[in-house]
Amino acid sequence: MTIMKQNAIRHLLQSTDFDRPVVVQGWVRNRRGSKSVAFVHLNDGSCLANIQVVVNVEEFAEEIIKKIAVGACLEVEGKLLASQGSEQACEVLAEKLVILGEADPEKYPLQPKAHSLEFLREIAHLRPRTATFGAIFRIRHHLGFAVHQYFHERGFFYWQSPIITASDAEGAGETFRVTTLPLAQMPKNETGAIDFTQDFFGREANLTVSGQLEAELGALGLGLVYTFGPTFRAENSNTTRHLAEFWMIEPEMAFYDAKDNQDLAEDFLKYLIRFVLTHCSEDLAFLEERFQKENSQKKKEEQSEMGLIEKLRFVLENEFVRISYTEAIDILQASPYHKKKKFKFEVKWGIDLQSEHERYLVEKHFRKPVILFDYPKEIKAFYMKQNEDGKTVRAMDILFPGIGEIVGGSQREEVLEKLQARTDALGLTQNLWWYLETRRFGTAPHSGFGLGFERLVQFVTGMGNIRDVIPYPRSPQSADF
RNA sequence: UCCUCAGUAGCUCAGUUGGUCAGAGCGGCGGACUGUUAAUCCGUAGGUCGUAGGUUCAAGCCCUACCUGAGGAGCCA
C-alpha cells in the first residue's frame, strides 16, 4: 500500500506518458459499444471526468463482461493509450478486469441521464456517485480547506467551542435536548418538575446553537480565533436555506471594531470565492452548465441575468455596498415598490427587515452584496455593542443575492454594566456568569461574525436547495442515512 | 408552524368536460452492429394511478382526512 496513490483518474487524465501499464479502480458510469468492443466510462471521484476503458469483448469471459453494468465497481489493469476517439485525450486498453463490486442493473437506481434533485435526495447514500454531487462535494471540500488556510495565514487560531452546552442562553433558536434520562419515566423532584440533577451532566444540556459566546472567551485570550463546526437548531423551518444540522464558521477578534469586522468578512468571502474559481474550474464549469439550463427554464422575472461564474466574478470585482439600517429604511420607503404598495409588510424604522425588503435591496436596488449595520437594539441580540444614540447596536448582516443573509455578526458589548443590564432584563445573568467575567476582568473591544457554511456552498455552486450541498441533510421529519 | 402546488411503470412525465385512460420517452431485459461519446437500430417485460374513506350506474379524474415531496412565509446561518 503506497501512502500516495498515483493511479487516481485525475492524474491519469492529465498524463501524456502513454503506452505504460496502469491500474484504475472506479465505478462504471456508462457502458456502450458493439459485440466485439465495449467502452466503459469509469469514475473514481477524484475529478469530474471519467476515464474511458476499452474492452475487447472476445478477450474476456462472458461472466465478467456481463457484470460490467452501470454502478458496478471495477479494477482494470491495462495500458494507458492516446485515445482514437475525439472526446478524450487518453484511454485505458483493458488487459485484466476484476469486478470488485457488482451492481444489479434491474435494481441500481442511477442511470446515465439527468435525475431530479428530489429523487437523488431520497437516495443520498448513492448520490456521491453522480457528476453533480461529485462536483458539489469537491467544491465543499475546497471551501472548507480554504477557510482554514485563510485564517491560519492571518494568525487566527482554530478554536473548538463545545457541541454540548448547558447554557441555553444564546437565544439563537430552539435547541435539541441532550439527556440520558429514561424518556418513559423521567425522574421528578418535589415540585413535580423533571429532576435534571439526576441527568448525565447534573443539569439540563443541549446541542449548541452557536459557538460564539465560547469563541469570545477564546478571543479574549488568544486574540484571533475562529470556530468551524456543526451547529444544531430545532426550529421547524422548511425552506431552501435552513437545516437542523449545519456548519458554521465563527471568527472572533479582540481589538476589532465594527468596521474591522466588516472589512474582514468581505475579504474572507472574496478569498473563498477566489479560491474556488482558481482550484475548482472543472467542477464549476459543469455546475455552470447545469445552472444555465435550470435558469432558462425559470420564469423571466425569476431568471438570473448572470451565469454562475460571472456572478462569482462580479462579487469578487465589486465592493460590497455598506449602508446603515436607517439608510436602508429610507431607501425602501423611497422605492417605487413602496409607493406602489408592493411590499406585503409595512416599512418603518424599528421593524425587522422582511425577506421581501432584503431581496429588494440586494436584487433590485443595489444588485450586489450588501452589508447592513447599526440595527435597532430591540430586534438584535443582547451581546451586541450599544451605540451612543441609545437606539441602535453595532450589528452587521451581509446579504447575498438569491440566498439572503449569509453572515450575521456584530461588535460585542464589552462594558460590563451595559451588558449586564441586558442579561438582567432577559434573566440570563446567572447562567452567563462566566461570559460576564470576561468583561469584569480585562475587558477589551472585540467583534465577530457567523458565516453559514452551507449557504456559502449554495452560493458558489448555484444550488437552489441547501439540502443539496451537505452530504446528509437533517431537516424536520427527515434524518435518514 | 402557516399558505400554495404536486404525488400515474425503476426514472421523467402525458392522461382534455368522470364513461377502452392504463400510455410515452429514458432505463432494464433479449437481439443486431470491430470504436462508441447520456451511441444507434429491432423486439420485449414492468403499474392496487400516495394511503384511507366517500359521492356516482361508473373515479387516475370529484369530495374529505391523513402521509410524503416541492415552492413561498416566519425563525435565522
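Residue numbers start from 1 in every chain, and the chains themselves are labelled A, B, ... in the order their sequence lines are given, proteins ahead of strands.
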Span that lies between the [atom1] atom of [M] and that of [N], in whole angstrom:
{"N": "rC13(B)", "M": "rC29(B)", "atom1": "P", "value": "24 Å"}
{"N": "rA58(B)", "M": "rG18(B)", "atom1": "C1'", "value": "8 Å"}
{"N": "rC49(B)", "M": "rA59(B)", "atom1": "P", "value": "12 Å"}
{"N": "rC42(B)", "M": "rG47(B)", "atom1": "C1'", "value": "25 Å"}

Salt bridge between [X] and [Y], side-chain N to carboxylate O under 4.0 Å?
{"X": "Lys368(A)", "Y": "Glu319(A)", "value": "no"}
{"X": "Asp397(A)", "Y": "Lys380(A)", "value": "yes"}
{"X": "Glu363(A)", "Y": "Arg367(A)", "value": "no"}
{"X": "Asp104(A)", "Y": "Lys67(A)", "value": "no"}

**OP:** Just jot down the salt bridge (charged side-chain N to carboxylate O under 4.0 Å, His left out) partners of Arg177(A), sequence neighbours excluded, or say none.
**Re:** Glu204(A)

Take the protein atom [atom1] of [X] and the nucleotide atom [atom2] of [N], then report the distance between them rounded to whole Å.
{"X": "Phe345(A)", "N": "rA73(B)", "atom1": "CZ", "atom2": "C1'", "value": "7 Å"}
{"X": "Tyr108(A)", "N": "rG27(B)", "atom1": "OH", "atom2": "C1'", "value": "13 Å"}
{"X": "Ile123(A)", "N": "rU68(B)", "atom1": "CD1", "atom2": "P", "value": "20 Å"}
{"X": "Lys67(A)", "N": "rC29(B)", "atom1": "NZ", "atom2": "C1'", "value": "18 Å"}
{"X": "Gln52(A)", "N": "rA38(B)", "atom1": "CD", "atom2": "P", "value": "11 Å"}
{"X": "Lys113(A)", "N": "rA24(B)", "atom1": "NZ", "atom2": "C1'", "value": "12 Å"}
{"X": "Lys107(A)", "N": "rA9(B)", "atom1": "NZ", "atom2": "C1'", "value": "17 Å"}
{"X": "Asn30(A)", "N": "rA38(B)", "atom1": "CG", "atom2": "P", "value": "8 Å"}

Side-chain N or O of [X] closer than 4.0 Å to phosphate OP1/OP2 of [N]:
{"X": "Gln354(A)", "N": "rG74(B)", "result": "yes"}
{"X": "Ser116(A)", "N": "rU12(B)", "result": "yes"}
{"X": "Arg467(A)", "N": "rA70(B)", "result": "yes"}

Of all the nucleotides listed ([options]), which has the minimum atom distance to the side chain of [X]?
{"X": "Ser34(A)", "options": "rC75(B), rU36(B), rG35(B)", "value": "rG35(B)"}
{"X": "Gln477(A)", "options": "rU34(B), rC75(B), rU68(B)", "value": "rU68(B)"}
{"X": "Gln88(A)", "options": "rU37(B), rG72(B), rG35(B)", "value": "rU37(B)"}
{"X": "Asn465(A)", "options": "rG71(B), rC75(B), rG74(B)", "value": "rG71(B)"}
{"X": "Arg359(A)", "options": "rA73(B), rC75(B), rC11(B)", "value": "rA73(B)"}
{"X": "Ser355(A)", "options": "rA77(B), rG74(B), rG35(B)", "value": "rG74(B)"}
{"X": "Ser36(A)", "options": "rU34(B), rA77(B), rG35(B)", "value": "rU34(B)"}
{"X": "Phe246(A)", "options": "rU1(B), rA77(B), rG74(B)", "value": "rA77(B)"}
{"X": "Lys35(A)", "options": "rC76(B), rC33(B), rG74(B)", "value": "rC33(B)"}
{"X": "Ala114(A)", "options": "rU36(B), rC76(B), rA38(B)", "value": "rA38(B)"}

**OP:** Give a yes/no verdict on a cation-pi contact between Arg129(A) and Phe133(A), requiring under 6.0 Å between NZ or CZ and the six-membered ring centre and an angle within 45° of the axis.
**Re:** no

Donor-acceptor pair (no angle test) under 3.5 Å: [X] side chain, [N] base:
{"X": "Glu87(A)", "N": "rU36(B)", "result": "no"}
{"X": "Arg241(A)", "N": "rA77(B)", "result": "no"}
{"X": "Glu91(A)", "N": "rG35(B)", "result": "yes"}
{"X": "Glu118(A)", "N": "rG69(B)", "result": "no"}

**OP:** Flag the pair Tyr360(A) / Phe343(A) as yes when their ring centroid distance falls below 6.0 Å, and as no otherwise.
**Re:** yes

**OP:** Would you tell me whether Tyr337(A) and Glu356(A) have side-chain atoms, one donor and one acceptor, within less than 3.5 Å of each other?
**Re:** no

Original post:
When you check the side-chain N and O atoms of His446(A) and Gln411(A), is any donor under 3.5 Å from an acceptor?
Top reply: no

**OP:** Pick base, sugar-phosphate or nothing for Ile406(A), based on heavy-atom distances below 4.0 Å to the nucleic acid.
**Re:** sugar-phosphate

Original post:
If you find the nucleotide of RNA chain B closest to Gly464(A) and the one closest to Asp397(A), which residue's nucleotide is nearer the 5' end?
Top reply: Gly464(A)

Subject >> Toward the 5' end of RNA chain B, by each residue's nearest nucleotide, Phe39(A) or Asn236(A) >> reply: Asn236(A)

Output side-chain donor-acceptor pairs under 3.5 Å for residues 79-88 of chain A, partner residues at least two apart or in another chain, one line each.
residue, atom, partner, partner atom, Å
Ser83(A), OG, Gly85(A), N, 3.0
Ser83(A), OG, Gln88(A), NE2, 3.1
Ser83(A), OG, Glu91(A), OE1, 2.8

Subject >> Those residues of residues 369-378 of chain A lying under 4.0 Å from RNA chain B by at least one heavy atom >> reply: none

